[in-house]
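Reading through the structure tokens given below for one structure.
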Amino acid sequence: MGISQNLNYAYYPGCAAKQIQKEADWSARAVSEKLGVSLHDMHGATCCGAGNLQEHDPAAGLAINARIFSQAEEMGMDIVTICNTCLQTFSFANERLKAEPELLEKVNAILVKAGVRPYQGTIDVKHFIWVLIDDVGEETLKKHVVNPLNDLQVAPFYGCHGLRPNEVFNGRGGRLAGPQYMEKLIRIMGGESVDYYGKDKCCGFHYMLLNEKEFLHMSGGHSLEAKNHGAEVMVSPCTLCDMALGAYQSRSEKAMGTKIGLPEMNISQLIGMAYGLDQKTLGLGRLHTDPRPVMKSRGVQII
Amino acid sequence: MTQKTALFKVMRGTVIDDQLVQKTQDFTVPYDVTTTVLQALEWIKGELDGTLTFRRSCRASICGSCGMVIDGKSRLACKTKVLDLLEGNIEKNIASVKDGLIMIAPQRNQPVLKDLVVDIEPFYQKVKDIVPFVQDGDEKETTVSKESFGQVNMVSNCIMCGACYSDCTAMVENPDFIGPAALAKAFRFVSDPREGSKTARLQELSKKNGVWDCTRCGMCIDACPKGVAPMEAIVKLRTLAMEKGVRGNKGARHAMSFKDDIATWGVLNEPFMLLKTLRFEVITQTGNALNLIKKGKIPNPFPFEHKVEGLDEVRRIYAELEKNPLDVTTKAADSGPGAG
């Protein structure tokens with residue numbers, strides 16, 4: 001289905017990881033280095049459009065995505081991303097470009113006229129957590145755990161755009177009874193995965209600007225519910241969920257008039273801790289609610 | 001051979017003095033490979049407890065009456081097999097599921113009247129509010145091509161079961177949101193060539209509680225038992241509204257801020273995106289900005305360090321599309337009655 005070999009990937013962190021959520025990018029790179037996963041920068045890759053360009057100008061959205069796919073194809077690699085919205089936007093486009101030869105031809109005609117290499121329709125777009133479980137494998141992931149999480153109670157928050165719609169992810173998305181990427185990763189690191197209703201619901205990020213109050217209640221509600229189910233920290237595989245649930249948590253507390261105090265971080269930061277990476281590399285100081293005290297109390301070393 | 005049994009945990013509910021009182025009740029139900037959840041509930045009603053209340057009629061996923069929450073997801077009881085739930089053949093919300101059990105609850109986002117029966121009046125009212133019939137007007141076309149059915153086919157399959165409404169995440173925080181089913185229905189009329197009042201509809205739908213109040217979570221796509229994909233219809237309504245010049249709102253301004261940023265910087269320019277979307281209301285973001293500054297999370301309004309290589313290619317792509325516009329609208333296949 002894809003073209004990557006020997007754990008080499010065209011790395012597409014997304015706009016949030018380049019700017020506001022840098023710690024997710026640092027951690028994904030550091031964890032990859034430990035695991036022998038090579039993330040290759042895409043110097044010519046623009047913003048994916050985040051579904052917004054696709055709403056405004058669907059043709060431009062497809063062409064901009066095809067240009068990025070073509071770059072990865074030229075590198076001989078599949079794209080891996082740490083942002084759910086980039087994943088979904090790309091998956092929508094890639095699914096159509098692969099399934100509709102006429103459409104691919106028309107989009108390529110535009111690319112060629114603009115001096116861009118046409119897309120052949122061969123690459124796959126993957127989430128970093130899929131690469132870890134499906135390509136690296138549980139055995140290798142386990143080998144690198146030097147600082148196990150000692151049954152730390154971890155609430156996974158998946159994020160919509162890595163789950164739905166089911167069809168565009170070839171079985172890797174919303175079949176919660178199927179591949180359980182987050183739960184597996186948490187257990188491999190020595191933590192315990194906490195179940196709660198909100199774990200496959202919406203963080204509200206794409207709703208933030210237009211419905212701020214509703215957004216703050218939505219994201220804060222999930223954090224509060226996870227905490228009430230015994231979670232000590234929350235992790236997400238998406239930089240936008242990180243922002244909504246972590247960076248905006250104190251804003252939710254204010255809007256809801258209640259204390260939440262649930263540390264939220266990117267899944268790569270949690271893996272990095274279990275792998276004994278230092279807190280500066282993982283950017284733990286950039287988190288609004290500090291996860292270090294509760295992890296220390298579980299006997300997890302903070303390096 | 002002994003008959004296999006499954007444990008059903010059914011949420012019962014009764015309104016006492018205007019207060020809903022709910023509790024779960026356990027029932028052990030025999031099943032085989034053909035048993036549906038609806039048949040199991042009918043067996044409970046017939047054999048164990050005649051007071052168990054739920055709606056049902058056609059038993060063939062056509063009438064939309066037996067919508068309920070089964071193992072954490074909104075589904076039709078008649079279309080869901082007991083064996084599939086127990087064997088994990090279909091998606092479930094594992095947060096609310098224990099192995100070997102089947103959890104049944106009424107639909108969400110609607111008031112419970114009794115047990116599994118909810119008040120569907122608000123849901124129906126929202127569908128009525130979007131004026132669910134073709135209106136006369138200046139934009140009426142008299143020729144209806146076969147291709148135009150490609151747009152309305154999918155949404156015409158809606159059976160008004162309320163599954164999308166029940167699983168909608170935006171509805172939880174904003175009960176005034178029109179909701180996925182009614183918006184999908186609205187799209188069906190906006191894209192009907194015979195509709196005479198397309199732009200006025202799009203103006204109305206772009207207001208508060210309309211197309212821009214969807215979170216784009218995709219729950220409705222997965223919930224729909226008929227393949228209507230309401231979120232895709234909502235996205236198309238947004239596109240059509242912007243095309244028709246209905247752009248004087250935050251949602252449209254936000255969506256439209258990406259195109260130029262991609263050609264200018266390559267990355268999204270968040271400070272300017274805020275300014276373009278909110279205009280003078282950007283001042284309301286002061287508290288949020290100060291909160292982000294605490295952890296150094298304010299992006300540079302001039303992100304030169306992220307400037308992407310080959311942006312002239314992007315500008316040429318835009319220019320080519322300007323010269324030769326490309327119709328990339330998705331078309332639904334002629335699915336016929338009963339599809340999905």
Side-chain angles (χ1 to χ4, degrees), chain A residues 15 18-20 43-47 49-60 62-64 67 96 103 106-107 110-111 113-116 160-161 163-166 174-177 195-197 199-202 204 206-207 209-212 214 217-218 247-248 250-251 285-288, chain B residues 72 88 90-96 169-170 172-174 212-213 215-219 221-222 229 235 238-239 242 250-251 254-256 258-259 261-262 266-268 270 277-278 287-288 291-292 294-297 299 303 306 308-311 313-314 316-318 320-321 324-326 328-329:
Chain A
C15 295
K18 286 184 181 172
Q19 301 176 75
I20 295 184
H43 301 288
T46 61
C47 163
N52 292 287
L53 171 65
Q54 284 72 8
E55 283 173 354
H56 171 207
D57 188 339
L62 273 177
I64 291 300
R67 175 179 171 271
R96 287 197 68 190
L103 181 72
K106 281 191 217 162
V107 171
I110 299 284
L111 294 191
K113 275 189 204 154
V116 179
C160 303
H161 293 173
L163 294 174
R164 292 177 290 268
N166 253 327
R175 301 273 167 201
L176 278 181
D195 271 350
Y196 62 108
Y197 174 72
K199 83 172 172 187
D200 65 344
K201 301 299 179 301
C202 175
H206 292 284
Y207 194 59
L209 280 181
L210 271 75
N211 297 279
E212 185 166 320
E214 287 87 352
H217 280 257
M218 187 180 287
Y248 273 76
S250 62
R251 308 297 293 165
R286 286 173 62 86
L287 298 170
H288 274 74
Chain B
I90 47 177
E91 189 191 358
K92 34 188 180 181
N93 182 326
I94 49 173
S96 54
T169 58
V172 177
E173 303 300 338
N174 176 15
W212 297 106
D213 285 352
T215 59
R216 290 197 57 157
C217 73
M219 291 289 287
I221 300 181
D222 280 5
V235 167
R238 290 178 177 184
T239 304
M242 287 185 273
K250 287 181 214 168
H254 177 243
M256 289 165 56
F258 282 69
K259 191 172 174 179
D261 277 0
I262 292 173
V267 292
L268 177 61
E270 301 205 34
T277 305
L278 299 176
N288 291 336
N291 175 55
L292 291 173
K294 272 192 249 169
K295 297 289 173 182
K297 292 190 178 219
H306 301 301
V308 170
E309 290 171 13
L311 287 181
E313 293 175 1
V314 172
R316 285 200 296 269
I317 288 174
Y318 287 175
E320 283 302 327
L321 285 169
N324 306 299
L326 202 59
V328 299
T329 323

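Every chain is numbered from 1, with letters handed out A, B, ... down the list of sequences.
- With rounding to the nearest 0.5 angstrom, the CE atom of B/M219 is 9.5 Å from the SG atom of A/C202.
- Summarising the geometry, atom CD1 belonging to B/I262 is positioned 5.5 Å from atom OG1 belonging to A/T46; distances are rounded to the nearest 0.5 Å.
- Of all non-hydrogen atoms in A/P165 and B/D222, the two that sit nearest each other are CA-OD1, 3.8 Å.
- Contact annotation for A/L62: only side-chain heavy atoms (C-beta onward) come within less than 4.5 Å of a heavy atom of chain B.
- Looking only at distances, a side-chain donor or acceptor of B/R216 sits under 3.5 Å from a matching main-chain atom of A/G51.
- Summarising the geometry, atom CE belonging to A/M218 is positioned 9.0 Å from atom CG belonging to B/N174; distances are rounded to the nearest 0.5 Å.
- Atom NZ in B/K259 sits 13.5 Å away from atom CG in A/N52 (nearest 0.5 Å).
- Both the backbone and the side chain of A/L53 come within contact range of chain B, each with at least one heavy atom under 4.5 Å from a heavy atom of that chain.
- Proximity to chain A (any heavy atom under 4.5 Å) is restricted, for B/L278, to the side chain, taken from C-beta onward.
- B/R316 places no side-chain N or O within 3.5 Å of a backbone atom of A/K113 that could act as its donor or acceptor partner.
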Go through it in stages, so that I can follow the logic: the residues are B/W212 and A/N211, the test is side-chain contact (heavy atoms from CB on, under 4.5 Å), and I'd like the CA-CA distance, side-chain angles, deciding distance and then a yes or no.
CA-CA 10 Å; B/W212 297 106; A/N211 297 279; over 6 Å; no
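- Residue with the most contacts toward chain B among A/Q54, A/E212, A/K18, A/E55: A/E55 (heavy-atom pairs, distance under 4.5 Å).
- A/R96 contributes a side-chain N or O that, together with a main-chain N or O of B/V328, makes up a donor-acceptor pair within less than 3.5 Å.
- One finds the OH atom of A/Y248 at 7.5 Å from the CG atom of B/N291 (value rounded to the nearest 0.5 Å).
- In terms of non-hydrogen atom pairs under 4.5 Å with chain A, the most contact-rich of B/E313, B/K294, B/E270, B/H254 is B/E313.
- In terms of heavy-atom proximity, A/A50 sits nearest to B/F258 at CB-CE2, 3.7 Å.
- Using a 4.5 Å cut-off between heavy atoms, A/R286 touches chain B through backbone and side chain atoms alike.
- Between A/R251 and B/N288, some side-chain heavy-atom pair lies under the 4.5 Å cut-off.
- A donor-acceptor pair under 3.5 Å is absent between the side-chain atoms of A/H217 and the main chain of B/V172, judged by distance alone.
- B/L321 and A/A63 make their closest contact through CD1-CB, 4.3 Å (heavy atoms, listed as atom of the first residue, atom of the second, distance).
- No other option in B/V314, B/I221, B/T277, B/D213 has as many heavy-atom pairs under 4.5 Å with chain A as B/D213.
- Closest approach of B/A170 and A/Y207 over heavy atoms only: O-OH, 3.7 Å.
- Residue B/L268 touches chain A through both its backbone and its side chain, counting heavy-atom pairs closer than 4.5 Å.
- Contact annotation for B/N324: both backbone and side-chain heavy atoms come within less than 4.5 Å of a heavy atom of chain A.
- B/T239 places no side-chain N or O within donor-acceptor distance of the main-chain N or O of A/H56, the cut-off being under 3.5 Å.
- Both the backbone and the side chain of B/T215 come within less than 4.5 Å of a heavy atom in chain A.
- In this structure, CZ in A/R164 is found 5.5 Å from SG in B/C217, a value given to the nearest 0.5 Å.
- In this structure, no portion of B/A229 lies under 4.5 Å from any heavy atom of chain A.
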